[in-house]
Q: 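Quick one: this structure, given as structure tokens, is what I'll be asking you about.
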2 protein chains.
Amino acid sequence: MNISEVSARSDLPAKTIRYYEDIALIAPGRDANGYRRFSEEDLHKLTFLSRARALGFTIEDCRALLALWEDQSRASADVKRIAGEHLEAIEAKIRDLEAMRNTLAHLVAECAGDGRPDCPILEGLAQEG
Amino acid sequence: MNISEVSARSDLPAKTIRYYEDIALIAPGRDANGYRRFSEEDLHKLTFLSRARALGFTIEDCRALLALWEDQSRASADVKRIAGEHLEAIEAKIRDLEAMRNTLAHLVAECAGDGRPDCPILEGLAQEG
DNA sequence: CTTGACCTTCCAGTGACTGGAACCCTTATA
DNA sequence: TATAAGGGTTCCAGTCACTGGAAGGTCAAG
């Protein structure tokens, strides 16, 4: 497969795939003309990366997960630990965003949104403490 | 005020405050020795920036909001539009993260987390479609 | 006079790409 | 056979919002 085909099948931009090769997450072969040639296994890895990234895992998390994925003797506890830590981080992020949303929704609701200069949003952002 | 005092009072690192001067969000004066001297108004702006950034507004949003804040003749509708767009973006982000959390929580719950190599988390990440 | 805390500038790096320039390879068509 | 379109390649620079560190100037206390 050439890069455009794995790009379409893995749902990753070609640029991103080249970047993943740069940082040694994948190591596709090369044709005589210098084009990258991707195996089914390369595609499988890229699909894995695509989904793990979509779940918000960092590249370094992905690197660790890929290594575990390829390691026949790994313990599922290792994977569960990484995923569990990530789950907690996601939940913390959700709580943060909900706090932001509540504050902002409150400010927006109070704002008349007309031509008058009085604006509770700016006042809310300006007040100290 | 010197930088460390505004830093403490605005809850922004000194580095960040210098950066905000670099990108022309603030323009503090200078003492004879070259130290930045911050006025109450500078502090007020920094507090404003600190809170707006904590609510997830981008720097460019902040620049627009600061300009509106300083503009006596602005309409609150302008502010409401910026804040409303941002509110929608936050809500979309929360929905994304909740989807991630649900998928991941499901995978983690299925994983035995023991020494065995079978791991539903990796299988879930590997499956296509 | 020295110590230590504070301030300055400037340069480089972060994460995870993304855009663009400049160029090579392949295939189809006039 | 020329050429044009649509692949592919590398490399460099930029994004965002800082952050770290080096190298050095300034100030107050003991």
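Excluded from the calculations below are hydrogen atoms, water molecules and symmetry mates; all remaining heavy atoms, backbone and side chain alike, are included. Just so it is clear: chains get the letters A, B, ... in the order the sequence lines come, proteins before strands, and each one is counted from 1.
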Q: Output a table of nitrogen or oxygen pairs between the protein and nucleotides 18-22 of chain D separated by less than 3.5 Å.
A:
| from | atom 1 | to | atom 2 | distance (Å) |
| --- | --- | --- | --- | --- |
| D/dC18 | OP2 | B/Tyr20 | OH | 2.6 |
| D/dC18 | OP2 | B/Arg53 | NE | 2.9 |
| D/dT19 | OP2 | B/Thr16 | OG1 | 3.4 |
| D/dG20 | N7 | B/Lys15 | NZ | 2.9 |
| D/dG20 | O6 | B/Lys15 | NZ | 2.9 |
| D/dG21 | O6 | B/Lys15 | NZ | 2.2 |

Q: Please report, rounded to the nearest Å, how far the C1' atom of D/dG7 is from the CZ atom of A/Phe38.
A: 14 Å
Q: If only atom types and distance count, is the side chain of A/Asp42 paired as donor or acceptor with the main-chain N or O of A/Ser39 below 3.5 Å?
A: yes
Q: So, A/Glu98 and A/Arg95, do they make that salt bridge, N to O below 4.0 Å?
A: no
Q: Please work out which residues in residues 81-95 of chain B have a non-hydrogen atom less than 4.0 Å from an atom of DNA chain C and list them by number.
A: none
Q: Hydrophobic clustering (ILVMFWY, side-chain heavy atoms < 4.5 Å, transitive) - are A/Phe38 and A/Tyr35 grouped together?
A: no
Q: In whole angstrom, give the distance that lies between atom CD of A/Glu60 and atom C1' of C/dG15.
A: 10 Å
Q: Looking at side-chain heavy atoms only, is the closest gap between A/Ile82 and A/Leu68 below 4.5 Å?
A: yes
Q: So how far off straight is the helix from C/dC1-D/dG30 to C/dA30-D/dT1, going by the axes through five pairs at either end, to 10°?
A: 30°
Q: Atom CG of B/Leu49 and atom C1' of D/dA17: how far apart are they, to the nearest Å?
A: 13 Å
Q: Counting only N and O atoms by type, is there a donor-acceptor contact under 3.5 Å from the side chain of A/Arg63 to the main-chain atoms of A/Ala67?
A: no
Q: Under the 3.5 angstrom rule, does the side chain of B/Ser7 hit a backbone N or O of B/Leu12 as a donor-acceptor pair?
A: yes
Q: Please report the distance, rounded to the nearest Å, between CG in B/Asp22 and P in C/dC11.
A: 12 Å
Q: So, B/Glu40 and B/Arg9, do they make that salt bridge, N to O below 4.0 Å?
A: yes
Q: Given atom CD1 of A/Ile17 and atom P of C/dT18, what is their separation to the nearest angstrom?
A: 12 Å
Q: Give one of base, sugar-phosphate or nothing for A/Ile23, where a contact means two heavy atoms less than 4.0 Å apart.
A: nothing
Q: Do any N or O atoms from the side chain of B/Arg101 and from the backbone of B/Ala105 form a donor-acceptor pair under 3.5 angstrom?
A: no
Q: What pairs of donor and acceptor atoms, side-chain ones from residues 18-32 of chain B against any protein atom, are under 3.5 angstrom apart with sequence neighbours left out?
A:
| from | atom 1 | to | atom 2 | distance (Å) |
| --- | --- | --- | --- | --- |
| B/Glu21 | OE1 | B/Arg30 | NH2 | 3.3 |
| B/Glu21 | OE1 | B/Arg36 | NE | 2.5 |
| B/Glu21 | OE1 | B/Arg36 | NH2 | 3.2 |
| B/Glu21 | OE2 | B/Arg30 | NH2 | 3.4 |
| B/Arg30 | NH1 | B/Gly34 | O | 3.0 |
| B/Asp31 | OD1 | B/Arg37 | NE | 3.2 |
| B/Asp31 | OD1 | B/Arg37 | NH1 | 2.8 |

Q: Residues from residues 27-37 of chain B sitting under 4.0 Å of DNA chain D, heavy atoms only?
A: B/Asn33, B/Tyr35
Q: Between B/Thr58 and A/Glu21, which residue's closest nucleotide on DNA chain D lies nearer the 5′ terminus?
A: A/Glu21
Q: What residues form a side chain to side chain contact (heavy atoms under 4.5 Å, CB included) with B/Arg81, not counting sequence neighbours?
A: B/Glu85
Q: C/dA16 C1' sits how many Å from A/Arg18 CZ, rounded?
A: 16 Å
Q: Whether the side chain of B/Ser50 engages the backbone of B/Leu46 through a donor-acceptor N/O pair (distance < 3.5 Å, no angle test) should be reported.
A: no
